[in-house]
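Data first, discussion second: the structure below is written as structure tokens.
Reminder, nothing fancy here: chain letters follow the sequence lines and each chain counts from 1. Computed from a predicted model, the values in this text were never measured in an experiment.
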There are 2 protein chains.
Amino acid sequence: MAALQKSIDKRNALIEATIELVNNDGFHATPMSKIAKMANVSPATIYLYFDNKQDLVNKTYIEVKSRYTAYAFETYRETMSVEEGFEVIWKRIADFKLKEVADAMFLAQCDNTPMIDEPSRREGIKHLQPLLDLWARGKAEGIIKPISDYLLYAYSINPLSFLMLVENRGAIKIGPQELEEAFQAAWSSIKINR
Amino acid sequence: MAALQKSIDKRNALIEATIELVNNDGFHATPMSKIAKMANVSPATIYLYFDNKQDLVNKTYIEVKSRYTAYAFETYRETMSVEEGFEVIWKRIADFKLKEVADAMFLAQCDNTPMIDEPSRREGIKHLQPLLDLWARGKAEGIIKPISDYLLYAYSINPLSFLMLVENRGAIKIGPQELEEAFQAAWSSIKINR
DNA sequence: TAAAAAAGAATGAACGTTCATTTTTAATAT
DNA sequence: ATATTAAAAATGAACGTTCATTCTTTTTTA
């Protein structure tokens with residue numbers, strides 16, 4: 001089987017090199033030759049694993065998005081209460097952005113530039129479904145505000161991105177206390193106050 | 001005086017073309033020749049107004065950032081109460097992002113990519129000073145939570161960016177009601193609850 | 001009429017991708 | 001076990017294109 005013989009290590013090395021170089025220089029300022037060099041591979045070899053540069057960055061995006069959501073939902077169980085579920089997911093997302101800085105930066109760049117094509121973008125969105133389901137449950141139970149998922153996301157999840165951005169630029173340090181405060185702010189902005 | 005003879009119209013046309021093309025294709029995928037064509041100018045003429053491509057995009061960034069903050073603080077007066085001042089600024093920022101979509105998109109891209117060099121980035125940050133001063137006053141008066149400006153920004157201003165992003169992608173429609181709700185959420189996440 | 005501004009064509013470097021060739025792999029025959 | 005071999009994988013060099021920038025000439029300005 002042709003595809004299976006190709007080394008998964010090389011593919012991974014190419015993906016990791018893409019993340020690092022695109023984070024530093026941006027998509028179009030990163031030549032294929034540089035990606036190849038960092039992955040210890042010939043430029044031509046890239047084309048055995050990916051159709052072209054666009055395909056490489058699309059597939060890198062999907063891969064990183066998958067890691068992100070796998071991490072986010074790892075400890076979440078559908079049997080949890082809405083509040084507990086949200087706390088677990090929120091804190092896992094925060095952890096991911098603190099620990100997997102390169103991945104988080106890469107996703108932020110992808111989400112704010114025309115770097116990724118539309119089909120891959122849509123593919124990436126699907127991965128958040130468990131959170132949307134949780135919110136639907138929360139609305140049904142009268143625990144979560146009856147507003148669009150986009151608003152819920154804007155209030156509770158998106159602020160995390162900005163926090164990590166400024167942390168990574170060395171502007172602030174986010175410890176357990178700041179994280180807990182941020183979580184409380186997130187939760188109280190989407191829950192119904194009794 | 002050399003510089004003064006050059007047409008300010010041409011400079012403006014170049015800036016506007018840069019915004020539009022970078023929004024559509026990204027910085028590195030936008031050739032100088034295309035910018036020149038859209039501005040009805042020869043490629044060589046760009047170099048009478050800007051040192052090089054990087055300088056063009058840096059100056060475009062500073063210009064757009066200035067417009068943004070000028071708009072944000074237009075109706076704000078230091079004599080206003082903290083709450084009123086915040087409401088005025090917050091709603092002006094929201095207006096700007098709703099009405100000046102191209103400018104807002106451009107800033108978002110600049111802030112999430114390595115497109116702009118560090119000096120220009122720092123220059124751009126300075127423009128937000130009036131908001132930071134307002135928050136300092138609010139903290140002194142015991143009205144605003146005694147947390148870092150970055151946290152305040154993350155909770156109250158940043159969610160707007162995400163809202164506008166999804167609005168611009170056609171996912172939601174933000175009317176006066178959604179805006180008022182979003183403002184209330186922003187304000188209550190940074191004010192001290194008595 | 002001379003200096004500034006603008007233009008279009010030219011230049012050289014860098015890039016994504018492909019091509020021709022070599023190296024590696026793994027199945028088969030000895 | 002070892003040798004054979006054909007296909008797959010990998011390579012470095014080369015190709016054609018595109019781009020930022022500069023050069024030379026023309027046009028505009030005061």
Side-chain angles (χ1 to χ4, degrees), chain A residues 1-61 106 109-110 113-117 120, chain B residues 1-61 106 109-110 113-117 120:
Chain A
M1 302 288 92
L4 291 184
Q5 286 188 310
K6 287 187 247 172
S7 148
I8 192 72
D9 292 345
K10 285 211 172 89
R11 204 193 114 106
N12 287 342
L14 285 167
I15 299 256
E16 296 311 309
T18 301
I19 295 168
E20 177 164 346
L21 291 171
V22 168
N23 275 347
N24 282 332
D25 305 331
F27 172 51
H28 287 288
T30 300
M32 295 294 263
S33 57
K34 213 169 165 186
I35 296 174
K37 192 163 289 173
M38 177 166 281
N40 285 312
V41 136
S42 159
T45 302
I46 302 182
Y47 294 85
L48 299 175
Y49 293 85
F50 303 96
D51 296 341
N52 49 46
K53 195 183 180 185
Q54 185 63 53
D55 183 52
L56 166 60
V57 78
N58 284 341
K59 295 209 164 115
T60 302
Y61 174 70
F106 184 79
Q109 192 167 166
C110 289
T113 67
M115 185 173 128
I116 300 297
D117 63 20
S120 303
Chain B
M1 303 296 92
L4 290 183
Q5 288 188 309
K6 285 186 248 170
S7 150
I8 191 72
D9 292 345
K10 286 213 171 84
R11 204 192 114 104
N12 286 343
L14 285 167
I15 298 256
E16 296 312 309
T18 301
I19 295 167
E20 176 163 346
L21 290 171
V22 168
N23 274 347
N24 282 331
D25 304 331
F27 172 50
H28 287 288
T30 300
M32 295 294 262
S33 57
K34 212 168 166 187
I35 297 173
K37 193 164 288 174
M38 178 168 278
N40 284 313
V41 136
S42 159
T45 301
I46 301 182
Y47 293 85
L48 299 174
Y49 293 86
F50 304 95
D51 296 341
N52 48 47
K53 196 184 179 185
Q54 185 63 53
D55 183 53
L56 166 61
V57 78
N58 283 341
K59 294 205 164 120
T60 303
Y61 173 70
F106 184 78
Q109 192 167 169
C110 289
T113 67
M115 184 173 130
I116 300 297
D117 62 21
S120 303

Problem set entry | Short side-chain to backbone donor-acceptor contact, N23(B) and F106(B), under 3.5 Å | yes

Exercise. Can you name the closest pair of heavy atoms from I35(A) and A17(A) and give their distance?
Worked result: O-CB, 3.9 Å

Problem set entry | Pairwise distance NZ(K34(A)) to CE(M38(A)) - rounded to 0.5 angstrom | 7.5 Å

Exercise. Is there a side-chain contact between F50(B) and I15(B) (heavy atoms, below 4.5 Å)?
Worked result: yes

Exercise. Which of residues 24-42 of chain A have a heavy atom under 4.0 Å from DNA chain D?
Worked result: V41(A), S42(A)

Exercise. Donor-acceptor pair, Y49(A) side chain versus S7(A) backbone, under 3.5 Å?
Worked result: yes

For this session: For the residue pair M115(B) and T113(A), establish whether any side-chain heavy-atom pair is separated by less than 4.5 Å.
Result: no

Exercise. Is K53(B) reaching over with its side chain to a backbone N or O of T30(B), donor-acceptor style, under 3.5 angstrom?
Worked result: yes

Problem set entry | Rounded distance in Å - OH (Y47(B)) to P (dA20(D)) | 7 Å

For this session: Check whether the side chains of N58(A) and Q54(A) place a donor and an acceptor atom closer than 3.5 Å, and report yes or no.
Result: yes

For this session: Round to a whole Å and report the spacing from CZ of F50(A) to P of dT17(C).
Result: 13 Å

For this session: Quickly work out the K53(A) NZ to dC15(C) P distance and round it to whole Å.
Result: 9 Å

Exercise. Whole Å only: how far is the CG atom of L48(B) from the P atom of dT29(D)?
Worked result: 15 Å

For this session: May I ask you to verify if any side-chain N or O of Y49(A) is less than 4.0 angstrom from the OP1 or OP2 atom of dA9(D)?
Result: no

Problem set entry | For atom NZ of K10(B) and atom P of dA4(C), their distance in whole Å | 17 Å

For this session: Could you pull out all residues at least two apart from D51(A) that satisfy salt bridge (Lys or Arg N to Asp or Glu O under 4.0 Å)?
Result: none

For this session: Provide, to the nearest angstrom, the distance between the CD1 atom belonging to I46(B) and the C1' atom belonging to dG8(C).
Result: 13 Å

For this session: Take the protein atom CG of D9(B) and the nucleotide atom P of dA6(C), then report the distance between them rounded to whole Å.
Result: 11 Å

Seminar exercise, completed: Computed from five pairs at either end and rounded to 10 degrees, the angle between the axes of the helix from dT1(C)-dA30(D) to dT30(C)-dA1(D) is 20°

For this session: Could you state the atom-to-atom distance from CZ of R11(B) to C1' of dA6(C) in whole Å?
Result: 18 Å

